[in-house]
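Nothing fancy with the numbering, it's 1 onward along the sequence. Values reported hereafter were calculated over all heavy atoms of this structure, with side chains retained and with hydrogens, waters and symmetry mates removed.
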Amino acid sequence: EYAADLMLANVAPYLICTGGIAHVDDLLATGWEISEAEMFQQIALQKGVPADKIILENQAPNTSKNLRFSLPLARAHGLKTDRILFVCKPYSERRIMSTAAIEWRNEPIKYSATSAAGNFADYFHNETETIKHLHIMLGDLHRIVHYPALGLQVPQDIPDCGAALQTPCAPESCPGRTRCCGRSHR
(Lines give C-alpha, C1' and ligand atoms only; values in the text may rest on other atoms or scores of the structure.)
Protein backbone atom coordinates (compact mmCIF):
# COMPACT_ATOMS: atom_id res chain seq x y z
CA GLU A 1 0.00 0.00 0.00
CA TYR A 2 2.79 2.43 0.84
CA ALA A 3 4.48 1.88 -2.52
CA ALA A 4 1.18 2.75 -4.21
CA ASP A 5 0.85 5.86 -2.04
CA LEU A 6 4.33 6.96 -3.10
CA MET A 7 3.49 6.38 -6.76
CA LEU A 8 0.32 8.45 -6.43
CA ALA A 9 2.40 11.21 -4.79
CA ASN A 10 4.69 11.19 -7.87
CA VAL A 11 7.74 10.00 -5.92
CA ALA A 12 8.57 7.58 -8.76
CA PRO A 13 7.38 7.22 -12.35
CA TYR A 14 6.93 3.41 -12.22
CA LEU A 15 6.27 0.68 -9.72
CA ILE A 16 7.94 -2.70 -10.10
CA CYS A 17 6.02 -5.34 -8.20
CA THR A 18 8.35 -8.27 -7.63
CA GLY A 19 8.04 -11.70 -6.06
CA GLY A 20 6.97 -15.17 -7.04
CA ILE A 21 5.21 -17.84 -5.05
CA ALA A 22 8.27 -18.54 -2.97
CA HIS A 23 6.99 -19.80 0.33
CA VAL A 24 4.58 -22.68 0.67
CA ASP A 25 4.01 -24.41 4.00
CA ASP A 26 6.57 -22.35 5.91
CA LEU A 27 6.64 -19.33 8.17
CA LEU A 28 6.60 -16.88 5.26
CA ALA A 29 3.73 -18.55 3.41
CA THR A 30 1.18 -15.97 2.31
CA GLY A 31 -1.73 -18.30 1.61
CA TRP A 32 -2.31 -16.44 -1.65
CA GLU A 33 -3.17 -18.31 -4.84
CA ILE A 34 -1.16 -15.77 -6.83
CA SER A 35 2.42 -14.52 -6.72
CA GLU A 36 3.54 -11.78 -4.35
CA ALA A 37 4.01 -9.50 -7.37
CA GLU A 38 0.45 -10.09 -8.57
CA MET A 39 -0.92 -9.40 -5.07
CA PHE A 40 1.08 -6.18 -4.83
CA GLN A 41 -0.13 -5.22 -8.31
CA GLN A 42 -3.77 -5.76 -7.29
CA ILE A 43 -3.30 -3.56 -4.23
CA ALA A 44 -1.65 -0.82 -6.31
CA LEU A 45 -4.46 -0.93 -8.88
CA GLN A 46 -7.11 -0.77 -6.15
CA LYS A 47 -5.38 2.30 -4.72
CA GLY A 48 -5.46 3.97 -8.14
CA VAL A 49 -2.02 3.42 -9.64
CA PRO A 50 -2.48 3.28 -13.44
CA ALA A 51 -1.89 -0.20 -14.88
CA ASP A 52 0.58 1.13 -17.44
CA LYS A 53 2.81 2.38 -14.60
CA ILE A 54 3.15 -1.08 -13.01
CA ILE A 55 5.77 -3.59 -14.12
CA LEU A 56 5.33 -7.15 -12.95
CA GLU A 57 8.17 -9.54 -12.04
CA ASN A 58 6.51 -12.67 -10.68
CA GLN A 59 9.29 -15.28 -10.69
CA ALA A 60 11.70 -14.23 -7.92
CA PRO A 61 11.77 -16.68 -4.99
CA ASN A 62 13.91 -14.49 -2.69
CA THR A 63 15.32 -11.01 -2.13
CA SER A 64 18.47 -11.56 -4.20
CA LYS A 65 16.43 -12.66 -7.17
CA ASN A 66 13.92 -9.83 -6.66
CA LEU A 67 16.83 -7.50 -7.38
CA ARG A 68 18.49 -9.67 -10.02
CA PHE A 69 15.30 -10.10 -12.06
CA SER A 70 13.88 -6.59 -11.66
CA LEU A 71 16.81 -4.57 -12.97
CA PRO A 72 16.92 -6.06 -16.50
CA LEU A 73 13.12 -5.92 -16.60
CA ALA A 74 13.17 -2.20 -15.80
CA ARG A 75 15.79 -1.64 -18.48
CA ALA A 76 13.80 -3.70 -21.01
CA HIS A 77 10.92 -1.27 -20.40
CA GLY A 78 13.26 1.62 -21.19
CA LEU A 79 13.38 2.94 -17.64
CA LYS A 80 16.29 4.92 -16.24
CA THR A 81 17.82 2.87 -13.46
CA ASP A 82 20.25 5.34 -11.96
CA ARG A 83 18.04 5.87 -8.88
CA ILE A 84 15.86 3.20 -7.28
CA LEU A 85 13.72 3.30 -4.16
CA PHE A 86 12.92 0.04 -2.37
CA VAL A 87 9.66 -0.05 -0.44
CA CYS A 88 9.56 -2.79 2.17
CA LYS A 89 8.80 -3.55 5.79
CA PRO A 90 10.83 -1.47 8.28
CA TYR A 91 12.64 -4.53 9.58
CA SER A 92 13.71 -5.46 6.02
CA GLU A 93 15.33 -2.17 5.04
CA ARG A 94 18.85 -3.07 6.22
CA ARG A 95 18.68 -6.46 4.56
CA ILE A 96 17.55 -5.19 1.16
CA MET A 97 20.24 -2.51 1.19
CA SER A 98 22.87 -5.12 2.09
CA THR A 99 21.61 -7.46 -0.63
CA ALA A 100 21.61 -4.68 -3.24
CA ALA A 101 25.23 -3.91 -2.37
CA ILE A 102 26.09 -7.43 -3.57
CA GLU A 103 23.62 -7.87 -6.44
CA TRP A 104 24.25 -4.44 -7.94
CA ARG A 105 27.88 -3.93 -6.89
CA ASN A 106 28.94 -3.19 -10.48
CA GLU A 107 25.94 -1.03 -11.33
CA PRO A 108 25.92 2.79 -11.26
CA ILE A 109 22.75 2.91 -9.19
CA LYS A 110 21.89 5.10 -6.22
CA TYR A 111 19.37 3.17 -4.19
CA SER A 112 17.62 3.70 -0.91
CA ALA A 113 14.93 1.98 1.13
CA THR A 114 11.81 3.26 2.82
CA SER A 115 8.82 1.87 4.65
CA ALA A 116 5.49 3.12 5.88
CA ALA A 117 5.48 5.10 9.09
CA GLY A 118 4.42 3.10 12.08
CA ASN A 119 5.68 1.59 15.25
CA PHE A 120 6.70 -1.80 16.50
CA ALA A 121 3.26 -2.48 18.02
CA ASP A 122 1.58 -2.19 14.60
CA TYR A 123 2.68 -5.76 13.82
CA PHE A 124 1.11 -7.36 16.84
CA HIS A 125 -2.64 -7.80 16.66
CA ASN A 126 -2.97 -11.12 18.46
CA GLU A 127 -0.72 -13.76 19.98
CA THR A 128 -0.43 -15.83 16.79
CA GLU A 129 0.49 -12.80 14.69
CA THR A 130 2.90 -11.58 17.36
CA ILE A 131 4.82 -14.86 17.36
CA LYS A 132 4.82 -15.01 13.55
CA HIS A 133 6.13 -11.45 13.17
CA LEU A 134 8.80 -11.98 15.83
CA HIS A 135 10.01 -15.07 13.97
CA ILE A 136 10.04 -13.16 10.67
CA MET A 137 12.01 -10.29 12.22
CA LEU A 138 14.47 -12.71 13.81
CA GLY A 139 14.77 -14.48 10.46
CA ASP A 140 15.73 -11.18 8.83
CA LEU A 141 18.29 -10.57 11.57
CA HIS A 142 19.62 -14.11 11.16
CA ARG A 143 20.10 -13.45 7.44
CA ILE A 144 21.93 -10.19 8.19
CA VAL A 145 24.30 -12.16 10.44
CA HIS A 146 24.87 -15.21 8.20
CA TYR A 147 24.28 -14.24 4.55
CA PRO A 148 27.54 -12.27 4.16
CA ALA A 149 29.48 -15.53 4.60
CA LEU A 150 27.41 -16.99 1.75
CA GLY A 151 28.14 -14.00 -0.49
CA LEU A 152 24.50 -12.89 -0.50
CA GLN A 153 24.87 -9.66 1.49
CA VAL A 154 27.59 -7.28 2.61
CA PRO A 155 28.64 -7.56 6.27
CA GLN A 156 27.05 -5.11 8.67
CA ASP A 157 27.91 -3.92 12.14
CA ILE A 158 25.20 -5.17 14.45
CA PRO A 159 24.78 -5.36 18.20
CA ASP A 160 25.45 -8.68 19.94
CA CYS A 161 22.63 -10.91 18.77
CA GLY A 162 22.88 -13.62 21.34
CA ALA A 163 23.89 -17.23 20.95
CA ALA A 164 20.83 -18.30 18.92
CA LEU A 165 21.76 -16.02 16.03
CA GLN A 166 25.49 -16.74 16.16
CA THR A 167 25.10 -20.36 15.05
CA PRO A 168 24.22 -21.40 11.51
CA CYS A 169 20.58 -22.09 10.77
CA ALA A 170 20.01 -25.73 11.67
CA PRO A 171 17.51 -27.75 13.70
CA GLU A 172 19.80 -27.77 16.72
CA SER A 173 19.89 -23.96 16.73
CA CYS A 174 16.10 -23.89 17.04
CA PRO A 175 15.42 -26.07 20.09
CA GLY A 176 11.77 -26.93 20.48
CA ARG A 177 10.83 -25.35 17.15
CA THR A 178 10.26 -26.85 13.73
CA ARG A 179 11.03 -23.67 11.78
CA CYS A 180 13.36 -20.72 11.90
CA CYS A 181 14.32 -18.26 9.20
CA GLY A 182 11.33 -19.40 7.13
CA ARG A 183 12.75 -22.91 6.56
CA SER A 184 11.36 -26.16 7.82
CA HIS A 185 13.70 -28.34 9.86
CA ARG A 186 11.63 -31.49 10.02
Side-chain angles (χ1 to χ4, degrees), residues 1-12 14-20 22-23 26-32 35-44 46-49 54 57 60-71 74 83-104 109-148 150 152-162 164-166 169 179-183:
E1 291 179 4
Y2 187 54
D5 293 341
L6 292 174
M7 279 290 301
L8 295 172
N10 295 313
V11 170
Y14 287 88
L15 176 63
I16 299 178
C17 297
T18 180
H23 300 279
D26 71 10
L27 179 65
L28 302 176
T30 63
W32 304 331
S35 69
E36 289 178 354
E38 291 164 314
M39 179 58 76
F40 301 152
Q41 178 188 42
Q42 285 181 10
I43 293 167
Q46 289 169 0
K47 293 206 59 130
V49 175
I54 301 172
E57 183 295 296
N62 56 50
T63 303
S64 292
K65 297 232 171 57
N66 290 124
L67 299 174
R68 193 174 304 159
F69 297 168
S70 294
L71 188 59
R83 292 185 313 135
I84 294 177
L85 177 64
F86 303 118
V87 181
C88 55
K89 300 282 188 204
Y91 54 81
S92 295
E93 287 183 24
R94 284 181 70 159
R95 194 163 68 82
I96 195 153
M97 295 293 288
S98 180
T99 304
I102 292 292
E103 285 295 324
W104 294 348
I109 301 171
K110 292 181 183 176
Y111 49 85
S112 57
T114 188
S115 52
N119 64 53
F120 193 64
D122 292 339
Y123 292 97
F124 309 116
H125 306 292
N126 60 54
E127 185 177 345
T128 301
E129 286 299 305
T130 297
I131 292 168
K132 179 179 178 179
H133 281 291
L134 286 173
H135 279 272
I136 291 170
M137 289 177 195
L138 286 172
D140 264 16
L141 182 57
H142 190 279
R143 290 175 187 91
I144 288 169
V145 170
H146 294 286
Y147 278 18
L150 301 174
L152 299 172
Q153 295 177 1
V154 295
Q156 298 182 48
D157 290 328
I158 54 173
D160 183 9
C161 297
L165 291 174
Q166 299 301 324
C169 183
R179 292 184 179 95
C180 76
C181 311
R183 294 198 320 242

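When every heavy atom of A44 is checked against every heavy atom of A4, the shortest pair comes out as CA-CB, 3.9 Å. Closest heavy-atom contact between G19 and S35: O-CB, 3.4 Å. Between A116 and P90, the closest heavy-atom pair is O-CG, 4.4 Å.
Rounded to the nearest 0.5 angstrom, E36 CD and C17 SG are separated by 11.0 Å. Here the NZ atom belonging to K110 is positioned 14.5 Å from the CG atom belonging to L85, to the nearest 0.5 angstrom. Here the CE-NZ distance, from M137 to K89, works out to 9.0 Å after rounding to the nearest 0.5 Å. In this structure, OH on Y91 lies 5.0 Å from CD1 on I136, to the nearest 0.5 angstrom.
Side-chain contact between R94 and I144 is present, with at least one heavy-atom pair separated by less than 4.5 Å. Contact annotation: the side chain of L6 approaches that of T114 to within less than 4.5 Å [non-hydrogen atoms, C-beta and beyond]. Between H135 and I131 there is a side-chain heavy-atom pair separated by less than 4.5 Å.
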Which pairs of donor and acceptor atoms, one on a side chain in residues 96-103, lie under 3.5 Å apart (sequence neighbours left out)?
| from | atom 1 | to | atom 2 | distance (Å) |
| --- | --- | --- | --- | --- |
| S98 | OG | V154 | N | 3.0 |
| S98 | OG | V154 | O | 2.8 |
| S98 | OG | Q156 | NE2 | 3.4 |
| T99 | OG1 | R95 | O | 2.8 |
| T99 | OG1 | Q153 | NE2 | 3.4 |
| E103 | OE1 | R68 | NE | 2.9 |
| E103 | OE1 | R68 | NH2 | 3.4 |
| E103 | OE2 | R68 | NH2 | 2.6 |

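With E93 contributing its side chain and S115 its backbone, the two residues share a donor-acceptor pair below 3.5 Å. Panel note: side chain E57, backbone A60; a donor-acceptor pair is recorded below 3.5 Å.
Enclosure of atom CD in Q42 by more than 12 non-hydrogen atoms of other residues, nucleotides or ligands within 6.0 angstrom is indicated.
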- Message: Working note: I84 + I16, criterion side chain to side chain contact (heavy atoms under 4.5 Å, CB included); need CA distance, chi angles, decisive distance, verdict.
- Response: CA-CA 10 Å; I84 294 177; I16 299 178; over 6 Å; no
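Take F86 and apply the ring-ring contact (aromatic ring centres under 6.0 Å, His included) test, not counting sequence neighbours, and it matches W104, Y111.
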